[in-house]
Amino acid sequence: MKWSKVYAGRTSGLAGNVTHKLRADYLTKNTSWGRLKSWLSDLSHKKCWYCEANSRRSPFDVDHFRPKLGVTVDGQPLAGGFGYYWLAYEWWNFRLSCQRCNRPEKIDRTTRRGKWNEFPILSEYLRCAPNSITVDQEAPRFLDPCVQSDCDLLAYAIDGEVKPAKPPGTWEHERARYTIEQLGFNDWNVPEDRKKDWQGISLLVKLAGEAPSLEVRTHVSRYLDQDQEYSRFFRSVVGTHRDKQWIEALL
C-alpha cells in the first residue's frame, strides 16, 4: 500500500481521538511508520542518521524527531502529556535511528542516554502547536541529522571523538555538546575503535607517499564512501592529508 493512502487513513483516524489517552491508544495500535523503514534505510545508506553506526545486532528504530506522545526536557515531562501527535505520520519527522541513540538507557544514577522523548528547545514560548506556532519557529537543542547546517556543527578529531565545532558559550556549541552527550557519540569504546582504524589508514597514506598503488587508493576510498560506517569521521581525518594530491582527489 502506498504511503499516501496509509497517511490519509491514519491521520483521519487520529483526528477522531480528542484526548491524550485516546491518541496514545490509537498511535500505539497504528505504528504504520515502520512501513517506511526500508526507504529510510536506503536514504541513510543503512546507517543510523544520528551517529552513523551500522546496526549489526538489532533492528533500527523509526524515530520521531519531534516525539509523538510525550516530551521531556532534561528528563522532566512537559505538563499535560504534551507530544507532537499531529506530526505522528508526517514522513519528514521520521529519522532512522539505532537503538543506542533512540532508546533510553541509564548509565548511572544521574546520567541517561538516548533521545526517546527528550526534545528541549531554546524557548518554550515558541514550542510548536497545532494551527499555531510552526516547527520553523522552534529552535531545538538536538541537532537534526537532516539539516546540513546542523551536521556542520560537529567536528571529528583524530582521537576518534566527536566534538562541537563552534566555541563554548554559543548556542551552536551547546546544541552540539548536548547531542553528543545525550546520544552517547563518544561512549561504548567507539572513539577507540575509530582511532584504531584511522591509525592504520594514516600509516598507509604516509607509506604510499605521492604515488600510491591502485590497491591503496581503493582501500582508502572505501572509508570515504557514504555506505561506510562513520564516513563523516573518516572524511574529516583523511582530510588532514590534503597536501597529497591523490587524497585531495578522493575527497
Given side chains that start at C-beta, do those of [X] and [Y] come closer than 4.5 Å, heavy atoms only?
{"X": "P164", "Y": "E174", "result": "no"}
{"X": "D227", "Y": "K46", "result": "no"}
{"X": "Y230", "Y": "D193", "result": "no"}

Are [X] and [Y] within salt-bridge range, i.e. N to O under 4.0 Å?
{"X": "K21", "Y": "D25", "result": "yes"}
{"X": "E181", "Y": "R177", "result": "yes"}
{"X": "K47", "Y": "E52", "result": "yes"}
{"X": "R100", "Y": "D187", "result": "no"}

Pair [X] + [Y]: ring centers closer than 6.0 Å:
{"X": "F94", "Y": "F65", "result": "no"}
{"X": "H64", "Y": "W91", "result": "no"}
{"X": "F119", "Y": "Y84", "result": "yes"}
{"X": "Y89", "Y": "W33", "result": "yes"}

Q.
D144 vs R95, test: salt bridge (Lys or Arg N to Asp or Glu O under 4.0 Å). Steps then yes/no.
A. CA-CA 9 Å; D144 187 346; R95 308 289 183 270; 2.9 Å; yes
**Q.** Chi angles and distances behind the salt bridge (Lys or Arg N to Asp or Glu O under 4.0 Å) call for K37, D61
**A.** CA-CA 8 Å; K37 187 180 290 187; D61 290 336; 5.4 Å; no
Rounded to the nearest 0.5 Å, what's the gap from [atom1] on [X] to [atom2] on [Y]? Could you check?
{"X": "R103", "Y": "S97", "atom1": "CZ", "atom2": "OG", "value": "9.5 Å"}
{"X": "D197", "Y": "E192", "atom1": "CG", "atom2": "CD", "value": "12.0 Å"}
{"X": "Q99", "Y": "D63", "atom1": "CD", "atom2": "CG", "value": "12.0 Å"}
{"X": "L183", "Y": "C101", "atom1": "CG", "atom2": "SG", "value": "4.5 Å"}
{"X": "L69", "Y": "N117", "atom1": "CG", "atom2": "CG", "value": "7.5 Å"}
{"X": "K206", "Y": "I201", "atom1": "NZ", "atom2": "CD1", "value": "12.5 Å"}

Should [X] and [Y] be counted in the same cluster of Ile, Leu, Val, Met, Phe, Trp and Tyr side chains packed under 4.5 Å apart?
{"X": "L87", "Y": "W39", "answer": "yes"}
{"X": "V18", "Y": "L27", "answer": "no"}
{"X": "W116", "Y": "V71", "answer": "no"}

Q: Under the side-chain contact (heavy atoms from CB on, under 4.5 Å) rule, what do L122 and R141 come out as? Steps first, then yes or no, please.
A: CA-CA 7 Å; L122 181 61; R141 199 189 304 171; over 6 Å; no
For the student: nearest non-hydrogen atoms of [X] and [Y], plus distance:
{"X": "I180", "Y": "V162", "result": "CD1-O, 3.5 Å"}
{"X": "G13", "Y": "Y26", "result": "CA-OH, 3.5 Å"}
{"X": "W3", "Y": "S32", "result": "CZ3-O, 3.4 Å"}

With a cut-off of 6.0 Å (strictly less than), are more than 12 heavy atoms of other residues, nucleotides or ligands near [atom1] of [X]?
{"X": "Q245", "atom1": "CD", "answer": "no"}
{"X": "K166", "atom1": "NZ", "answer": "no"}
{"X": "L251", "atom1": "CG", "answer": "yes"}
{"X": "E210", "atom1": "CD", "answer": "yes"}

(Q) Apply side-chain contact (heavy atoms from CB on, under 4.5 Å) to residues R232 and L154 and explain how you reach the verdict. (A) CA-CA 10 Å; R232 285 184 293 208; L154 297 175; 5.5 Å; no
Q: Could you give me the CA-CA distance, side-chain angles and deciding distance for L250 and V238, then say whether side-chain contact (heavy atoms from CB on, under 4.5 Å) is met?
A: CA-CA 10 Å; L250 289 179; V238 168; over 6 Å; no
Q: Just do the side-chain hydrogen bond (donor to acceptor under 3.5 Å, both in side chains) check on N102 and Y50 with the steps written out, would you?
A: CA-CA 9 Å; N102 186 44; Y50 293 106; over 6 Å; no
Q. Can you list the steps and then say if E105 with R113 is a salt bridge (Lys or Arg N to Asp or Glu O under 4.0 Å)?
A. CA-CA 5 Å; E105 181 172 359; R113 293 285 186 263; over 6 Å; no
Q: Tell me, with the steps shown, if S44 and F60 meet side-chain contact (heavy atoms from CB on, under 4.5 Å).
A: CA-CA 11 Å; S44 68; F60 285 114; over 6 Å; no
Q: May I ask you to check if K115 and F142 form a cation-pi contact, with NZ or CZ under 6.0 angstrom from the six-membered ring centre and within 45° of the axis?
A: yes
Q. Have T72 and E118 got a donor and an acceptor in their side chains that come within less than 3.5 Å?
A. yes
